[in-house]
> 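Here it is, the structure in full.
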Amino acid sequence: MNRLKKKAIKDFVNSAITAMIIIPVFIMIGTTSTFNAQLRLNMIIGGVVGGIGSYYYVKRVNRKESEKFDERELLLIKMVNDYSVGTFICYLLVLQAVALFMTGGKGTIPIWLAFVILSFGLFLAQCTASAILFCLAKEDDE
Amino acid sequence: MNRIQKQSWIIVVSVGAAFVISCGIVVYLTLTAGFPAAWKGFIFTCAGGLGYFPSLLVKKDKPAIVDERDLAIRSLAKTNAVRGAFIFLVLFAMAVFVYQKPGNLIRVNVLPLSICLAAIVSGLFESLTYLFEYGKDTKAMKGETA
């Protein structure tokens, strides 16, 4: 297994773990009646600030790791990132169309759903990136 | 000034003008109708997206040479556009969450509106990156520190 496949698997596992933690937390914050409004607000703000902090930490670690890759591998990673962005945009467009058709023009949705939508979109984008990177990585090219 | 810089200026000016006009409308609605009706004034920010169409009419450069530096700037601009749009979506969701009470319901029309605004913000970030990066090069050509 080469470096790209290892990276694809590692990224997928990281995003799956993050999604498994974050998405139920957002659903719980939104639906559980034991939390009062102020506590929910604090939890959401804490979650978003923590998410941004962890993003920059992961980015810093990835930057150190990316020095190990050669030009072809970096090009593949860049291409895969483009695909993941495209997936995220398509997901958002399809989702808002589905929401509009399901609830009607004057329908309503819960506020906390926005965070779940964004978190799941990130997970979906990372899944796509990992799957494509796994398929494109050649075997034994080291 | 190359074609991308001209297009970027058009988009930056149109989005900036639309935002300033919508702020004016919000102030006007605040004085006349008060909140929350005044929030509707920000819908006019979407008009900034109309700047995309005149930017298509800018003439192409005669010697269409694209070097590695141009490709690097384009790549950085696309990355910044995506980052800007995502940060906007997170901040928008947080703003709605803070403004409304948690557990409340919002109109489903907010979803397409937020996506339109995110697209405009991504265009703005892309244009600003082009202007900033090409501006640095122009300074360097004049002998200043880039």
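Every chain is numbered from 1 and lettered A, B, ... according to where its sequence line falls, protein lines coming before strand lines. Atom set for the values below is all heavy atoms of this structure, side chains included, hydrogens, waters and symmetry mates excluded.
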> Taking all non-hydrogen atoms of both residues, which atom of B:Thr129 and which atom of B:Ala77 are closest, and how far apart?
CG2-CA, 3.8 Å

> Can you check salt bridge (charged side-chain N to carboxylate O under 4.0 Å, His left out) on A:Lys7 and A:Asp11, steps first, answer last?
CA-CA 6 Å; A:Lys7 179 181 162 51; A:Asp11 288 349; 3.2 Å; yes

> Side-chain contact test, heavy atoms from C-beta onward, threshold under 4.5 Å: evaluate it for A:Leu4 versus A:Ile77 and give yes or no.
yes

> Quick one: list whatever passes side chain to side chain contact (heavy atoms under 4.5 Å, CB included) with B:Ile87, sequence neighbours left out.
B:Leu91

> Which one of B:Asn109, B:Thr79, B:Ile106, B:Leu89 has the most heavy-atom pairs closer than 4.5 Å to chain A?
B:Ile106

> Sorted by first residue and then second, give each salt bridge (Lys or Arg N to Asp or Glu O under 4.0 Å) pair with at least one member in residues 112-126 of chain B; sequence neighbours left out.
B:Lys78-B:Glu126

> Does anything in residues 118-128 of chain A get under 4.5 Å of chain B by heavy atoms, and if so which residues?
A:Leu118, A:Leu122

> Using heavy-atom distances under 4.5 Å, tell me whether B:Val90 contacts chain A through its side chain, its backbone, both, or neither.
both

> In the hydrophobic clustering that connects Ile, Leu, Val, Met, Phe, Trp and Tyr at side-chain heavy-atom distances below 4.5 Å, which members other than B:Val20 occupy its cluster, ordered by chain and number?
none

> For the residue pair B:Leu111 and A:Ala99, what are the closest heavy atoms and their distance?
CD1-CB, 3.8 Å

> Using heavy-atom distances under 4.5 Å, tell me whether B:Phe92 contacts chain A through its side chain, its backbone, both, or neither.
neither

> Indicate the atoms forming the closest heavy-atom contact of A:Val80 with A:Ala129, along with that distance.
CG1-O, 3.2 Å

> Can you tell me which portion of A:Lys106 sits under 4.5 Å from chain B's heavy atoms? Options are side chain, backbone, both or neither.
both

